[in-house]
Amino acid sequence: MYQQYELPYAYDALEPYIDALTVQIHHDKHHAAYTAKLNELAKRAGVQDMDIVELLANLDQIADEQLRTGIRNNGGGFYNHNLYFEELGSTGKEAPTGEFAEKIDETFGSFAAFKEKISALAIAQFGSGWAWLSVTPKGDLVLSASANQDNPISLGTGNTPIFTIDVWEHAYYLQYKNLRPEYVKNIFEVVNWDTVAKNYQKALKK
Ligand code: MN3
């Protein structure tokens with residue numbers, strides 16, 4: 001049974017940057033639907049007890065093509081939104097600190113340069129998708145983007161995602177309409193960088 005991440009913050013906690021109705025529908029409808037569908041399909045495929053990362057990294061083990069595609073999309077939707085909702089909820093800290101902050105500077109030059117690069121990927125993603133900050137098996141940071149509910153795990157990169165930006169229209173359209181760049185700019189106002197730093201440390205220990 002795959003458990004949807006429960007929001008530890010109120011629907012309106014991300015306002016004015018992400019409105020309460022968007023958070024509510026995004027989490028309680030979209031994310032809940034991916035989770036329910038994943039549970040149904042995983043049961044049918046007999047993989048309901050697999051860890052989600054293991055499952056997404058080994059999609060080719062599911063012989064039935066329809067089940068495989070359904071699990072790729074809904075398993076991705078489940079995993080991606082767990083990461084997304086967990087990384088949000090500002091602590092008031094505008095940037096990471098400590099070892100993770102040093103790694104960002106070393107990799108991208110500065111935190112501002114990192115924000116600029118991942119934002120450009122998010123804005124340029126054609127149609128629905130995600131932008132990613134991931135940790136490679138060697139412990140390096142890399143950026144990428146993906147379509148639909150694909151992610152660095154289901155794409156077989158071997159990298160561990162630690163931060164993401166959802167650029168499906170359901171993530172911003174109620175408030176921002178067609179202005180994806182505004183949403184991408186504002187999401188940085190509500191990131192919990194302590195959570196992302198924890199994700200980084202966990203990824204290093206893999
Ligand atoms: Mn979404």
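Position 1 is the first residue of the sequence, and the numbers go up from there.
- Under the ring pair (Phe, Tyr, Trp, His ring centres under 6.0 Å) criterion, Trp193 pairs with Phe111, Phe163, not counting sequence neighbours.
- For Asn73, the side-chain hydrogen bond (donor to acceptor under 3.5 Å, both in side chains) criterion is met by no residue, not counting sequence neighbours.
- Classification of the Tyr183-Tyr172 ring pair by plane angle, with boundaries at 30° and 60°, yields parallel.
- Note: His81 and His170 have tilted aromatic rings, judged against thresholds of 30 and 60 degrees for the angle between ring planes.
- Using a 4.0 Å cut-off between a side-chain N of Lys or Arg and a carboxylate O of Asp or Glu, Glu40 and Arg44 qualify as a salt bridge.
- For the ring pair (Phe, Tyr, Trp, His ring centres under 6.0 Å) test, residues two or more places apart in sequence or in another chain that qualify with Phe78 are Tyr2.
- Between His27 and Tyr11, the distance from one ring center to the other does not fall under 6.0 angstrom.
- Evaluation of the salt bridge (Lys or Arg N to Asp or Glu O under 4.0 Å) test over residues 188-206, restricted to residues two or more places apart or in two chains, returns Lys93-Asp194.
- Scanning for side-chain hydrogen bond (donor to acceptor under 3.5 Å, both in side chains) contacts around Ser119 gives an empty result, with sequence neighbours left out.
- Counting Ile, Leu, Val, Met, Phe, Trp and Tyr side chains that sit under 4.5 Å apart, directly or through other members, Val142 stands alone, with no cluster partners.
- Hydrophobic clustering places Tyr84 together with Val191 (ILVMFWY residues linked when any side-chain heavy atoms are closer than 4.5 Å, directly or through intermediates).
- Both Trp130 and Phe188 are assigned to one and the same hydrophobic cluster, defined by single-linkage of ILVMFWY side chains at heavy-atom distances under 4.5 Å.
- Taking a cutoff of 4.0 Å between a charged side-chain nitrogen and a carboxylate oxygen, Arg68 and Asp60 do not qualify as a salt bridge.
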